[in-house]
Amino acid sequence: MINITFPDGAVRQYEQGVSALDIAKSISEGLARKVLAAKVNGQVVDASRPITQDGTLQLLTWVDTDGKATMWHSSAHLMAEALEALYPGVKFGNGPSLENGGFFYDVDLDGRAISDEDLRKLEVKMTELANLNSVYVRKDVSKADAIKYFTEKNDPYKLDNLQKLEDGNITFYTQGNFTDLCRGPHIPNTGFIKAIKLTNIAGAYWMGDEKNKMLTRIYGITFPSKKELDEYLTLLEEAKKRDHRKLGKELELFAFSEKVGLGLPLWLPKGAMLRERLQNFLQKAQIESGYLPVVTPHIGNKNLYITSGHYEKYGKDSFQPIHTPEEGEEFMLKPMNCPHHCEIYKVSPKSYKDLPVRFAEFGTVYRYEQHGELHGLTRVRGFTQDDAHLFCRPDQVKEEFCKVIDLVLYVFASLGFDNYTAQISLRDKEDRAKYIGSDENWELAEQAIIESAAEKGLKTVVEYGEAAFYGPKLDFMVKDALGRKWQLGTIQVDYNLPERFELEYIGADNKVHRPVMIHRAPFGSLERFIAVLIEHCAGKFPLWLTPTQVKILPISDKYQAYTEKVAELLKKAEIRAEIDDRSEKIGKKIRDAEIAKVPYMLVLGEKEESDGKVAVRRQAKGDLGAMSVEEFVSLIQDEVANRKPFE
RNA sequence: GCUGUUGUAGCUCAGGGGUAGAGCACUUCCUUGGUAAGGAAGAGGUCGUGAGUUCAAUUCUCAUCAACAGCUCCA
């Protein structure tokens, strides 16, 4: 007999070799019908796997993240089975479940194109196969047998995968007529898959390497019932409504023009003013924290970037140099502010007493981003970084770094961003050739980041290979409406550029020393930050940022004089108000203001004029009743001063 | 850059080998209406661009540009 400990702490005895499914059945048949997989001693396994020794057990159902992931992974196998039935000879790459929900399978269709119509046929086939309740059967195989199987099947990708696996550690899973190389686990049988939606088709390089063949990637998602699928589809629709590209157009914040150029955003008046408020907000905080504003030009001599190393690394990803007609000198559109700031540092000799110095600039930079990468405001070719470079003594690095973390967290908190991930981005463990500088300096920089993050009690994840070429980073990652991850704030410790630019200061020992540089940008770029902000608040900006704070809605033009008087009072109180004096009914004016997501509406008619009041309506909430203009002004000013989120 | 999809009015979209349509927005007129759409009339498009097939192309074919989804990249 073995002892099984349940999540609630209860311990029960079972016969050795009992499966999670058996245990579920012993509790209730109903539960057994819902079990997708099991977590035994913290490891997710098939519910049918025999348990041979004492341990903890958690039965995984649809409510568990691991349960969902298992179901989606099994769905990928189901799709593969359907593909093989419809397209004999199809070759399979990898088919995992996805963190954001669903699964994909990369397949080689041998040049055949697949259309949306084909996806519908594939869904039908999958449903047909799912209804057969085929059991997912696990089988240990030797490497030789596995190679034989896929050689006969003529599947080079599976053979590729097999190469990396060790003998004795290889399993096949078979359901119905389909067998796959897979470590599992899987759901008990295909019957659990009740609702299927194949969402889209895209290309993907084999093993993620652009030198390899591009396979067809088919995305899908499945659910244990039709109802859940419908809910998912509704949620997707809602997410699309938050898309900053859609809202940016609707709210007249920014636009793009083919004539101006790809990835070069045009800020419309409302967007530009919002941007400026954001900029002023941060500038104020920075000045309070001892930053010194600097301004540098939009172009710089190519030699500047050769010195920094950016030219060698990113020359191809920059706009090509501009040549001066007389001297033949080469100038580049500024892709980074740091080299300029290094030169500012060098303008005057520095003493250890001068440090740290903190140069801040809302610097607009230009990068030749790959055509296919351009995406709304999140990935553009011209953007403004809320950049600053801190030059400090080695003994000051940690303190300065911690202060920057505080600033980033202050910015995020002020805007109600709480779903971020703090990511420590380190060097690639294998490929060190991508980076400049000595191992010693890298280790110092990495240590400084890790220690500072720990000191601030930040919950972090470590990602290897995500560092900048000159140093490691602490990145603040946020997801957009459609679940895509973007880097916003970033803090980087850099021992390398000071060396390349030969930056110096005179120490207390009267000797020459090298400062350490911290690169940092709490927003990252204003463009990307605003994009994420738009999606975060679904276009309903906090009152302190929103372009139009108040819409004044007279009932009819009889109240024009009173309307103008109210507008004048609001203007004096620095409240951004607009009058809707169209010859429309009040219902229409309200509807339009609601759709424009204007936070406050003032309805002005006979009653208000005679009482000297305003009838206040809050967007999405409705009538708040009448109050005096003074009361309304202090209501607004209070909300602005506290930087309340819109709700 | 790669793979796939799309490209019709300011916006959202329908249509289809015989040179175009809806709703919203816009303009004018009527209406002066109390918390999410009052009525009427009007204006607006060489159907992304270029070439080919055809008596005829916005519709079919090819190329090109752009947008979208994903991959690769991201100082």
Side-chain angles (χ1 to χ4, degrees), chain A residues 104 106 109 113-116 199-219 240 243 245-246 249-250 252 255-259 261-263 305 308-318 334-339 365 367-376 378-381 385 387 436 466-471 473 482 484 486-487 490 492 494 497 519 521 524-525 528 553-560 582-595 601-608 615-625:
Chain A
F104 67 75
D106 284 345
L109 291 161
I114 197 162
S115 68
D116 277 350
T199 46
N200 53 343
I201 314 161
Y205 302 108
W206 171 237
M207 297 310 294
D209 187 335
E210 62 182 326
K211 289 186 207 83
N212 287 340
K213 182 166 181 179
M214 182 164 271
L215 307 180
T216 303
R217 177 170 291 182
I218 305 175
Y219 286 86
K240 277 187 191 152
D243 192 311
R245 292 165 298 185
K246 182 176 159 65
K249 200 184 278 180
E250 284 172 8
E252 298 171 334
F256 289 92
S257 148
E258 271 186 45
K259 260 192 184 141
L262 310 192
Y305 308 106
S308 70
H310 286 103
Y311 185 77
E312 194 194 342
K313 193 81 192 162
Y314 295 109
K316 288 188 293 298
D317 304 314
S318 303
K334 177 167 74 174
M336 278 301 285
N337 301 302
C338 32
V365 296
R367 298 176 184 177
Y368 182 71
E369 300 285 2
Q370 287 186 50
H371 177 267
E373 254 322 318
L374 300 172
H375 183 96
T378 49
R379 194 78 184 267
V380 286
R381 285 181 171 170
Q385 295 180 315
D387 212 356
I436 58 166
E466 294 294 311
F469 75 96
Y470 50 74
K473 309 189 283 175
L482 296 171
R484 292 175 284 222
W486 298 99
Q487 175 205 304
T490 180
Q492 310 166 5
D494 179 5
L497 286 191
H519 308 239
S525 93
R528 183 177 289 176
L553 313 176
I555 299 277
S556 84
D557 53 18
K558 281 193 252 170
Y559 314 106
Q560 195 190 338
R582 292 174 305 166
S583 158
E584 292 288 352
K585 286 185 163 180
I586 193 67
K588 171 70 170 164
K589 293 184 184 183
I590 286 172
R591 180 182 152 80
D592 288 347
E594 287 277 347
I595 289 169
M601 287 151 262
L602 297 183
V603 177
L604 303 185
E606 193 178 350
K607 253 189 294 176
E608 289 71 27
V616 182
R617 182 190 164 98
R618 175 86 202 191
Q619 201 267 355
K621 280 202 171 154
D623 200 347
L624 300 186

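Order of the sequence lines fixes the chain letters, A, B, ..., with proteins taken first and strands second; residue numbering starts at 1 for each chain.
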Counting only side-chain N and O atoms of [X], is one of them less than 4.0 Å from OP1 or OP2 of [N]?
X: Arg245(A); N: C68(B); value: yes
X: Lys621(A); N: A36(B); value: no
X: His371(A); N: A66(B); value: yes
X: Lys473(A); N: A75(B); value: yes
X: His375(A); N: A69(B); value: yes
X: Arg618(A); N: U35(B); value: no

Measure from the side chain of [X], starting at C-beta and using heavy atoms only, and say which of [options] lies closest.
X: Asp623(A); options: G33(B), C26(B), U35(B); result: U35(B)
X: Gln370(A); options: A37(B), G1(B), U3(B); result: G1(B)
X: Arg617(A); options: A36(B), G70(B), C65(B); result: A36(B)
X: Met214(A); options: A66(B), A75(B), C71(B); result: C71(B)
X: Val603(A); options: G38(B), A69(B), G34(B); result: G34(B)

For Ile114(A) and Glu466(A), find the nucleotide of RNA chain B closest to each by heavy atoms; which residue's nucleotide sits nearer the 5' end?
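The 5'-side residue here is Ile114(A).
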Position toward the 5' end of RNA chain B (nearest nucleotide), Glu594(A) or Tyr470(A)
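Taking each residue's closest nucleotide, the earlier one in sequence belongs to Glu594(A).
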Quick one: does [X] reach the base of [N] with a side-chain donor-acceptor pair under 3.5 Å?
X: Thr216(A); N: U3(B); value: no
X: Arg379(A); N: C74(B); value: yes
X: Glu252(A); N: G10(B); value: no
X: Tyr205(A); N: G1(B); value: yes

Hey, are Glu606(A) and Lys558(A) close enough for a salt bridge, meaning a charged N less than 4.0 Å from a carboxylate O?
no
So what stems show up for RNA chain B if we need 3 or more Watson-Crick or G-U pairs in a row, all under 3.5 Å?
B:1-7 with B:65-71, B:10-13 with B:21-24, B:26-30 with B:38-42, B:48-52 with B:60-64
What residues, two or more places apart in sequence or in another chain, satisfy side chain to side chain donor-acceptor pair (under 3.5 Å) together with [X]?
X: Asp106(A); value: Arg217(A)
X: Gln619(A); value: none
X: Glu312(A); value: none

Nearest-0.5 Å distance that lies between atom CG in Asp243(A) and atom NZ in Lys249(A)
10.0 Å
Quick one: CH2 on Trp206(A) to NZ on Lys213(A), what's the gap to the nearest 0.5 Å?
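The distance works out to 12.5 Å.
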Please name all residues satisfying salt bridge (charged side-chain N to carboxylate O under 4.0 Å, His left out) with Arg367(A), sequence neighbours left out, ordered by chain then number.
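Salt bridge (charged side-chain N to carboxylate O under 4.0 Å, His left out) list for Arg367(A), sorted by chain: empty.
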Students often get this wrong, so: under 4.0 angstrom with heavy atoms, is [X] touching a base, only sugar-phosphate, or nothing?
X: Tyr219(A); result: sugar-phosphate
X: Leu215(A); result: nothing
X: Arg217(A); result: sugar-phosphate
X: Ala615(A); result: base
X: Ile555(A); result: base

Span that lies between the C1' atom of U59(B) and that of G18(B), in whole angstrom:
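Taking atom C1' in both G18(B) and U59(B), they lie 11 Å apart.
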Pairing residues for Phe469(A) by the ring-ring contact (aromatic ring centres under 6.0 Å, His included) criterion, not counting sequence neighbours
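His310(A), Tyr314(A).
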Length of the line joining Tyr559(A):OH and G34(B):C1', which is rounded to integer Å
9 Å
